[in-house]
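Please read the structure below before turning to the comments.
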Amino acid sequence: MSTARVQQEFISAIFEDNSERDILLQSQQVESDALVSILNGLEQHTNVLRQQVFETVRDNLDSFISLYSGCHQVHTRLDGILEQCQARNDDTTDPAQHIAESLRMLHETEQRSAQNQEEIKVLEALSNLVKDMNTCEQQLAQAPVQEVTRRWLAVDQALAQQQEWGSQTVTCLLNEKNAQLKEKLIETLKERLTSAIVYKQEPRSMQVYPTGKETQLLDIFECFSMLDILSGEMATVKRSMMKNIVAPFFEHCDNAQVTVQGNTLSLDHAHQGTNNYDIACVTIQNVDRVLKFISTQCFGGHQVDAKMVRLFGNLILPEIFQQLISRAIAPAVPSTAAELSNFDCVADAARVLEANCIQQYGFFDSSEPSSIIIYVENIDTHFANKRRDKVLLEGRRVMLRKLYEVEDVADLDPKTNMPQRYQITQTPQLLSLLLIDTAKEAAILQQSHPVSASKLLDVIFDLLDLFRAIMPQFHRSQFLSSPQSSLVFRNDCYWLANTLTMRLLETVDSNKKNDLKDSVLNVRILGESWFELAMAQWVRVLQDALNKTGKFVGIAENRQLQQTCDAAIEQVIDQIRSYAVTLRPVISERVYFDLVSRVVDSVLTRLLGDIEDLSDIGAEDSHLIAQSLNSLIQVVDVFDTNDQPATEPVVMNRVPSWRKFWHMKDMLEMNLRDIMDLYRRGELYMFEKKELIHLICALFADTELRASMIREIQTTNPPPPNTFHSPIVEQVPPEPVQSPPQPQQTPKTGQLKLSSLAMVQDDDDMGGDGWGWDDADENMIQEIQSAEPSPPSTTHPSPPVSQQVPAEPARSSALPQVEKPKPDQSKATPLSMVQYEDEGGDGWGWGDADEDVNWDNVH
């Protein structure tokens, strides 16, 4: 039974119409047994068909396999035939494509051939390089260094041109071997250089040898140049020469001599001269020998490449010239104008050295002058600087001396044009001589050395600034220990300023004259500030003594207070008289009277203020107060002159508050009608109306008479006192001490605020004191100011001097006739008027407050 038939029967058995079966399946009343029988029949029929198919396949398997294999071979042959047909068809239709393919194959063949040739060449070059490297390494110890260096350079150039050798490993190996070869070559050159220049320590010497029969020192330098390391190796040679020859020579250049014998240079001991000029000239000559030896032995006498020689010169000459300037030429710079001509030999020697370095040795070109020529050409500046340092050093040495002995000097007072005598120390005299000699020296040099002359004149300003900086600080304790010391320092400043004005100002160039005037004025201001401080100290002592009076409050009720007030007044009188005796020979007469007048005026104004502050003064109180104040007439003798004793008009002209004080004292014991008589005559013009009213209210009870008198004072203005009294002979008041220029005139002490005692201006004007005193001194002045009442103002203008004294001497009625006793020195306190604690610091007189001083304001 064939397979097709089996398949057909199988399909037909399943899919052909079977009405009986279909009816049975579609019937809704089918029994299960019928269905089972149908299914079983189908299953049996399926099994039979499966068995038949299996048997059919098994029986025909060999035939199927043989037929399949034959068909596959036929298929393969057909494919080959079809390809051949296609190829034949292509050849027949496109011959150009066939030609292109043939050409491509030819090109590929040629490329492979060229690549093979390149690889052969690389291998040959690699073999040659390796041979050259081995040859260089073998010849390092025998062949000339120049030949070995050139061979290595050729190898290095070949390696640089051929970056890749077909293998990264091969390239790295070649570069490493080349670097090792270079290191060996450089090391060999250094060893030969070391053996070419030999240094010895004892004695100091340098020998230059050939390194072999065929190798010279120049060959080594040439090899270094080819290797592009010449500058670094020459720097090493330079350092060796500086360490072993140049530096030891300059350390003993004043007794060292350079000796050259063949290829050996040695340092020997020899005396070079007695002055700096001879030593400088010999030192320059020795340096020239050293440079000549280096040029001859190391560079063959300038017969080699100029660039190589100039390179070494640029390395070694700056340091040698610097040592030459600092060790020899600078010490030879003269310190006086008379010695300037002696420096010419040093300048000539320096010029010869530079010429040899340019022309014979070739160490540098002539495009720019060397440092030694620049130095000697600027001798004016160097001389001026050296002279300046010497003058400042001498001046500083004078200022730092603790010598305070005084001597009398006499000159003309520029204000009164009268002779005057006072005391100064040696310090300003020595400084003035130093400054005047410096100015004369500058005048001599003005034509020949204008730069030196100008700088020497600047030394004057520097020295005056140094004086104002050192003196108030270094000698601060001495100046504050007593008023004499402060006033002597004031005299020093005054004398120095006057001397410079008279003897120096006219010799100074007009361009610097104003600057000198300012510097001299600053010195004068410094002196006057210490005058003010001395007066402030004195006033403070007197004010402290007056504090014991307790402002006379309750004096009649306390017997002890009466004695205390009398003792305080007596102490003030003794102190004024004893201080006056002590200070009179120290300062000039004009300054003395100004000082004493202001001090006495401060005492009287203080007492006036104490009395005016009393709101109720009893009869006994006023009597006791007047009795205590009577003794102050004794201070009149401090105004005595050498020619005649002082008179009341003279004292009144010198002390602004004198007349007002004695009128106040008299009014304490007057009745109301007598006071009004004085008022009507105009004798009380120095009192303000409110002051008179307050005093009358304090002295007298509240009555109708007192009220009427007060109304009269308030509503009337009495005429000046000369309406009823003839004038006295006019007395010329003394000239005040010169004060520093201020925007406003400094008020006198008689104006009670003592603003002239305050040496410190407002904070807006000055950043610090700048005068050598500290916060304690300023507080002292502030305490004096705070203890004073406000200054009185007058209703009537002060009449002229001729109108201030009536024809009848006011002393007969107002002042008691008291004999002037001699001053009792035993009752006076010591002249050290300020108590000081031990001052700390660095020994230069600086305190913490002094660190904040702004000296620009002082200048």
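Count residues from 1 along the sequence.
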Leu324 CG to Phe250 CZ distance, which is reported to the nearest 0.5 Å:
5.0 Å

Does the separation of the ring centres of Phe312 and Phe299 fall below 6.0 angstrom?
yes

Backbone of Val451 reached by a side-chain donor or acceptor of Ser454 within 3.5 Å:
no

Any sub-3.5 Å donor-acceptor pair from Asn276's side-chain atoms to Ala328's backbone N or O?
no

Salt bridge flag under 4.0 Å for residues Asp348 and Arg351:
yes

Does the side chain of Tyr199 come under 3.5 Å of the side chain of Gln207 through a donor N or O and an acceptor N or O?
no

What side-chain donor-acceptor pairs closer than 3.5 Å can you find for residues 386-393, not counting sequence neighbours?
| residue | atom | partner | partner atom | Å |
| --- | --- | --- | --- | --- |
| Lys386 | NZ | Pro331 | O | 3.2 |
| Lys386 | NZ | Val333 | O | 2.7 |
| Arg387 | NE | Glu441 | OE1 | 2.9 |
| Arg387 | NH2 | Glu441 | OE1 | 3.2 |
| Arg388 | NE | Asp462 | OD2 | 3.1 |

Using only atom types and a distance under 3.5 Å, with no angle test, would you say the side chain of Asn275 pairs donor to acceptor with the backbone of Asp278?
yes

Please check: side-chain N/O of Ser205 versus main-chain N/O of Ser266, any donor-acceptor pairing under 3.5 Å?
no

List the atom pairs, with distances to 0.1 Å, where a side-chain N or O of residues 237-245 and a protein N or O form a donor-acceptor pair under 3.5 Å, not counting sequence neighbours.
| residue | atom | partner | partner atom | Å |
| --- | --- | --- | --- | --- |
| Lys238 | NZ | Glu319 | OE1 | 3.2 |
| Arg239 | NH2 | Thr236 | OG1 | 3.2 |
| Ser240 | OG | Thr236 | O | 3.1 |
| Asn244 | OD1 | Gln201 | NE2 | 3.2 |
| Asn244 | ND2 | Ser240 | O | 2.7 |

Measure the CG-SG distance between Asn522 and Cys493 for me, rounded to the nearest 0.5 Å.
11.0 Å

Asp492 and Thr425 side chains, donor-acceptor separation under 3.5 Å:
yes

Within the distance-only criterion (no hydrogens, no angle test), does the side chain of Asn263 pair as donor or acceptor with the backbone N or O of Val208 below 3.5 angstrom?
yes

For the residue pair Phe383 and His449, is the inter-centroid distance of their aromatic rings smaller than 6.0 Å?
no

To the nearest 0.5 Å, how far apart are CD in Gln473 and CZ in Arg468?
12.0 Å

Between Trp152 and Thr149, is there a side-chain heavy-atom distance shorter than 4.5 Å?
no

Is any side-chain heavy atom of Leu457 closer than 4.5 Å to one of Leu516?
no

Polar side chain donor-acceptor pair, Asp288 to Tyr361, under 3.5 angstrom
yes

Under 3.5 Å, is there a donor-acceptor pair between the side chain of Ser519 and the main chain of Asp515?
yes

